[in-house]
Amino acid sequence: MLPEKHVGLEIRNLSNLIRRDVEKHAEDLECKPNKGVRGWAIDYFYENRDRDIFQKDFEEKFSIRRSTASNILKLMEKNGLIARESVANDARLKKIVLTEKAIKVHQCILEDIEKREKKLRKGLTDEEIDAFFSIIQKIKSNIQE
């Protein structure tokens, strides 16, 4: 017998709501970082600019498949947001580097992310936030088993 409340459905619904909120507010941003994960990706690459980041790191960070990551990165490259550069120890590997264009929009993206995070955490105590992350980690572990 199935439970009355479905964890997977609620996570999917929450994900859809967040995606819609991101897309709705992206239209209002002056920097127009593009839709969805690309804004988060720019922030991730910016925060890790002191180390080499490869597609595999990107896939793992955002829990996305290789083909999805490849499509996102190709579009970001086409839009002048990233460049892929060879590394000295292995010419087959291409590290992902933000362009000046992406660095310029980073602050705008960061402000949008901070506003959204504040909105998502509104009314939650530190204990509830800690519990949320603990539960999310357990659910992710269950799925990865």
Side-chain angles (χ1 to χ4, degrees), residues 1-87 93-145:
M1 184 161 127
L2 291 172
E4 189 173 313
K5 295 182 179 181
H6 299 272
V7 171
L9 179 61
E10 289 303 317
I11 291 172
R12 183 177 186 279
N13 290 344
L14 179 59
S15 177
N16 285 340
L17 288 170
I18 292 170
R19 180 184 43 78
R20 285 187 205 124
D21 189 62
V22 167
E23 290 173 359
K24 178 176 130 184
H25 290 93
E27 297 298 320
D28 299 333
L29 293 177
E30 288 180 33
C31 60
K32 303 277 189 242
N34 294 319
K35 293 183 178 179
V37 76
R38 283 164 282 196
W40 295 96
I42 289 172
D43 186 62
Y44 169 67
F45 296 137
Y46 184 86
E47 293 300 322
N48 290 282
R49 66 192 178 279
D50 58 335
R51 67 183 189 95
D52 290 347
I53 299 290
F54 303 97
Q55 180 172 326
K56 185 80 172 155
D57 302 312
F58 179 64
E59 293 165 13
E60 290 173 5
K61 173 64 179 175
F62 292 96
S63 299
I64 56 177
R65 292 186 177 140
R66 186 175 175 185
S67 60
T68 302
S70 182
N71 289 335
I72 291 168
L73 295 174
K74 282 179 189 174
L75 188 56
M76 290 180 75
E77 194 168 21
K78 179 182 171 189
N79 291 331
L81 297 170
I82 63 165
R84 297 187 212 209
E85 299 176 357
S86 297
V87 293
L93 286 177
K94 303 282 188 197
K95 67 180 179 178
I96 300 164
V97 180
L98 288 178
T99 63
E100 286 300 316
K101 178 181 177 181
I103 291 170
K104 287 178 183 176
V105 300
H106 176 261
Q107 187 59 40
C108 177
I109 292 168
L110 186 58
E111 289 170 8
D112 187 55
I113 290 170
E114 287 174 2
K115 278 194 257 182
R116 183 161 299 99
E117 188 67 16
K118 190 174 182 177
K119 184 178 184 179
L120 291 170
R121 291 175 180 239
K122 184 179 174 184
L124 299 175
T125 66
D126 289 343
E127 293 79 19
E128 289 171 326
I129 301 237
D130 290 344
F132 170 79
F133 283 111
S134 175
I135 291 166
I136 288 296
Q137 189 56 50
K138 286 178 184 178
I139 291 170
K140 286 163 61 175
S141 293
N142 290 344
I143 288 176
Q144 293 170 345
E145 285 181 354

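Just so it is clear, the values below take in all heavy atoms, side chains as well, and ignore hydrogens, waters and symmetry mates.
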Any [X] side-chain heavy atom under 4.5 Å of [Y] side chain:
{"X": "Ile129", "Y": "Thr125", "answer": "no"}
{"X": "Leu120", "Y": "Ile18", "answer": "yes"}
{"X": "Asp52", "Y": "Val87", "answer": "yes"}
{"X": "Val97", "Y": "Ile82", "answer": "no"}
{"X": "Glu47", "Y": "His106", "answer": "yes"}
{"X": "Met76", "Y": "Phe45", "answer": "yes"}

Under 3.5 Å: donor-acceptor pair, side chain of [X], backbone of [Y]:
{"X": "Thr99", "Y": "Leu81", "answer": "yes"}
{"X": "Glu111", "Y": "Cys108", "answer": "no"}
{"X": "Ser141", "Y": "Gln137", "answer": "yes"}
{"X": "Asp21", "Y": "Leu17", "answer": "no"}

List the residues meeting salt bridge (Lys or Arg N to Asp or Glu O under 4.0 Å) with Glu117, not counting sequence neighbours, and say none if there are none.
Arg121
Enumerate the residue pairs fulfilling side chain to side chain donor-acceptor pair (under 3.5 Å) with a member in residues 63-78, sequence neighbours excluded, ordered by first and then second residue.
Glu77-Arg84
If I take atom [atom1] from residue [X] and atom [atom2] from residue [Y], how far apart are they, to the nearest 0.5 angstrom?
{"X": "Phe54", "Y": "Leu73", "atom1": "CZ", "atom2": "CG", "answer": "13.0 Å"}
{"X": "Ile136", "Y": "Ile139", "atom1": "CD1", "atom2": "CD1", "answer": "5.0 Å"}
{"X": "Gln107", "Y": "Asp43", "atom1": "CD", "atom2": "CG", "answer": "10.0 Å"}
{"X": "Glu85", "Y": "Leu93", "atom1": "CD", "atom2": "CG", "answer": "13.5 Å"}
{"X": "Ile53", "Y": "Asn48", "atom1": "CD1", "atom2": "CG", "answer": "4.0 Å"}

List the steps and the verdict of side-chain contact (heavy atoms from CB on, under 4.5 Å) for Arg49 and Leu98.
CA-CA 8 Å; Arg49 66 192 178 279; Leu98 288 178; 6.0 Å; no
Do Phe62 and Phe58 have ring centres separated by under 6.0 Å?
yes
Would you check, one step at a time, whether the test side-chain contact (heavy atoms from CB on, under 4.5 Å) holds for Val22 with Arg116?
CA-CA 8 Å; Val22 167; Arg116 183 161 299 99; 3.5 Å; yes
Steps toward side-chain contact (heavy atoms from CB on, under 4.5 Å) verdict (Gln55, Glu59)
CA-CA 6 Å; Gln55 180 172 326; Glu59 293 165 13; 3.0 Å; yes
Heavy atoms only: give me the nearest Ala102-Ile42 pair and the separation to one decimal.
O-CG2, 3.9 Å
